[in-house]
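Reckoned from all heavy atoms, side chains included, excluding hydrogens, waters and symmetry mates.
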Amino acid sequence: MSASKPGSMIVVLTVTSVVVGGLLAGFFHLVQPRIEENRIAEERRAIFAVLPGSERYDTIEKEIPTVKGKNEAVRIFKGLDKEGGTVGYAFIAQGAGFQGTIKMMVGLNAGSKKLFGMNVLDQVETPGLGNKISEERFTGQFKNLSIEPRIEYLKNKNPEKPNEVQAVTGATISSRAVVNGINNRVKTILGILASGEREG
Amino acid sequence: MPPSDRTLFYEFKKGLLLENPVAVMLLGMCSSLAVTNQIKNSLAMGLAVVFVTIASSALVSMVRKLVPGGVRIATYIVIISGFVTLADLFFKAFFPDISKTLGPYVPLIVVNCIIMARAEVFAAKHPVAASVADAVGMGVGYTWVLLVIGAIREVLGSGSIFGLAILSENVFKPWVVMVLPPGAFLTLGFLIGFINYIKSRKEGIE
Amino acid sequence: MAEEEKNVGGLVISSSPHLLTGENVPKIMYSVVAALLPVCSVSVYFFGLHALILIAVSTVSSVGAEYLIQRFMGRPVKAWDGSAAVTGILLALTLPPRFSIFGVVLGSVFAIVVAKQIFGGLGYNIFNPALLGRAFLQAAYPVFITAWTEPFRGFFQVDAVSAATPLALMKFEGIITPRLNLLFGNVAGSLGETSALAILAGGLYLRYKGYVNWKLPMGFLLSIAFFGGIFWVVDPLKYPDPLFHILSGGAMLGAWFMVTDMVTTPTTLKGQWLFSVAAGAITILIRLFGGLPEGVMYSILLMNSLVPLLNRWTRPKVFGEGLA
């Protein structure tokens with residue numbers, strides 16, 4: 001290839017970038033609504049799965065101070081039934097798992113201090129071992145689980161008390177991450193809800 | 001080598017085995033190791049790469065005489081990343097589940113050396129028809145290797161194929177290691193060894 | 001490769017282990033097998049018939065795999081030189097008592113085919129085959145490989161009771177197992193790792209025969225005691241004492257039968273000290289701070305991979321070369 005003039009180089013690169021950029025912008029506009037729809041549909045699915053009986057939900061956003069002095073935005077999804085009565089509250093809890101953060105959607109009955117249920121949204125735990133935390137056998141235990149005084153996990157033993165779950169065999173770290181994540185978040189959420197009631 | 005010497009079919013065929021991008025040229029290792037824990041992911045990744053390779057090879061070949069040598073790599077990258085973003089948005093819009101499991105590996109096709117290599121080594125020097133034939137061959141070559149790795153890893157690691165359980169847990173306890181990164185290295189290593197074995201047998205006979 | 005290997009009366013001359021004795025490979029290997037017999041007997045005594053089956057199956061399938069792969073690869077068949085048998089027995093001894101028969105076959109085939117023959121066979125393998133076989137099984141069956149059972153549940157083990165190993169008890173429950181139990185081996189654990197006494201008997205026999213370089217096991221065990229001891233001195237309530245570290249888990253078995261592997265450990269004196277001390281330090285690191293209760297396997301494998309480097313760094317200077 002012969003040495004090329006700087007002028008033509010700039011022109012060609014600029015034209016290519018503009019054309020490709022333009023095409024992408026067009027395509028993005030075309031599919032953007034669908035992508036947004038997918039995201040919302042996923043959120044709805046996750047929320048309704050842990051708040052049975054709800055028809056729609058309101059999102060409550062609240063800034064709370066964290067230990068590090070910064071504020072953190074907490075989103076609480078308030079599930080409403082057909083008549084507009086409150087079913088319960090859903091929120092996202094996180095725990096530090098074996099290999100990364102585990103994200104859970106948790107449904108809370110603030111009145112009876114029990115969980116409606118829990119589903120794992122995101123996790124990168126070891127397949128066949130830690131990732132069993134997203135299976136029904138583990139998550140199902142969180143149905144009607146008491147959060148008082150806090151959720152406890154047992155190893156290789158069947159739960160007896162209403163606030164106990166059995167950890168996944170061989171994956172104590174993952175199970176602990178889920179339980180601790182939920183415990184911590186429940187405390188925050190209850191605090192927010194309590195202060196909200198006082199204000200309102 | 002004047003392109004007329006070789007038929008289009010040859011340009012297509014060479015990517016399948018003789019110059020297979022993954023098994024022989026060892027290109028695109030990162031994605032072929034990372035996404036092949038399930039055959040479904042292998043297929044999606046393979047198709048994305050086929051699309052991007054064909055589209056970018058065709059376009060690079062079309063503009064090959066217009067692009068000055070000094071900015072050719074930059075131009076190729078702009079073209080390739082355009083198509084990759086297109087594929088990524090497409091997955092996000094129509095196959096959100098697959099998009100989620102493939103994670104960052106779709107955007108990373110931009111730096112997948114197979115596509116860059118075909119653009120620079122082949123499409124920049126050959127007419128459009130030959131470039132497309134070459135791109136199809138390379139894309140298909142990449143895809144079948146990914147499918148084989150994905151199939152082996154899914155059967156041995158999860159006892160299923162395309163997500164359908166084919167082996168009962170009572171008969172066969174899945175080897176967790178196969179869905180983890182070491183399983184990818186082991187499978188790829190054995191596959192490359194096997195292909196080399198076949199190639200050496202073939203050359204021995206000829 | 002074939003022309004590099006000269007077979008002189010059963011003695012294979014290859015790169016790494018240069019033994020200037022009248023010994024040959026089979027003689028050494030079968031001495032190791034003999035040295036492992038006390039460990040095997042004790043494990044059958046503690047864990048019953050299934051232990052015997054596991055050891056036998058592992059040995060037979062290792063030798064069988066070696067025979068078949070050497071035939072397939074067109075190499076001289078040396079499956080009977082005892083090295084495959086040693087690998088098989090060692091692999092079985094690192095497994096839990098109720099491990100599946102298919103699993104042990106898989107592990108031994110992996111150890112022989114992938115860890116040993118693909119690298120070029122005896123003398124060329126970078127990693128200890130038995131340990132790599134176990135590492136594969138650990139990754140493949142993470143649940144079953146940590147399914148420990150209590151000793152003395154009858155010969156047929158019909159009422160096997162699951163139990164935690166001393167190291168797991170220490171790590172997750174803070175319970176320290178009595179020393180005497182660790183010494184004799186009536187605790188939960190891998191087949192061959194529970195009885196420190198039986199391992200020591202085999203190790204001393206090899207030492208007496210001159211097949212074991214005492215520096216490697218000593219360096220390894222002393223390093224475990226030293227680094228474990230540091231933490232114990234700092235906080236005796238939180239960390240176990242050095243003796244516990246030495247007697248529990250795979251430390252003894254690793255020290256006498258894996259750190260001493262001629263192929264996968266350094267050849268120079270300085271290299272051997274470095275190897276064994278570093279392996280001990282990594283073991284303690286994994287035991288006290290890692291995600292797993294036991295670290296002997298990974299620490300030895302990790303150091304195996306550094307052996308070529310250690311050999312290079314610590315190569316004795318040629319006389320007259322350099323200033324020092």
### Contact leader toward chain A among B/Gly157, B/Gly82, B/Ser81, B/Ala93, where contacts are heavy-atom pairs under 4.5 Å
B/Ala93
### Task
Sort A/Val20 into side chain, backbone, both or neither according to what part of it lies under 4.5 angstrom from a heavy atom of chain B.
side chain
### Rounded distance [0.5 Å steps], CZ in B/Phe91 versus CD1 in A/Ile35
12.5 Å
### Summary
Here the pair of heavy atoms bringing A/Phe27 nearest to B/Phe90 is CE2-N, 4.1 Å
### Message
Surrounding NZ of B/Lys14 (heavy atoms of other residues, nucleotides or ligands, distance under 6.0 Å), is the total greater than 12?
### Response
yes
### Query
Counting only N and O atoms by type, is there a donor-acceptor contact under 3.5 Å from the side chain of A/Asn38 to the main-chain atoms of B/Phe94?
no
### Message
Can you tell me which of B/Val78, B/Ile79, B/Val63, B/Leu59 forms the most heavy-atom pairs within a distance under 4.5 Å of chain A?
### Response
B/Val78
### Query
Between A/Asp122, A/Leu24, A/Val11, A/Val31, which has the largest tally of heavy atom pairs under 4.5 Å with chain B?
A/Leu24
### Task
Return yes when atom NZ of B/Lys13 has more than 12 non-hydrogen atoms of other residues, nucleotides or ligands closer than 6.0 Å, and no otherwise.
no
### Query
For A/Val19, which residues count as a side chain to side chain contact (heavy atoms under 4.5 Å, CB included) partner, sequence neighbours excluded?
A/Val15, A/Leu23
### Summary
Whatever's closer than 4.5 Å to a heavy atom in chain A on B/Leu66 counts as backbone
### Message
Taking the side chain as everything from C-beta on, heavy atoms only, tell me whether A/Glu42 gets closer than 4.5 Å to B/Lys100.
### Response
yes
### Query
For the side chain to side chain contact (heavy atoms under 4.5 Å, CB included) test, which of B/Thr85, B/Leu89, B/Leu86 pairs with A/Phe28?
B/Leu89
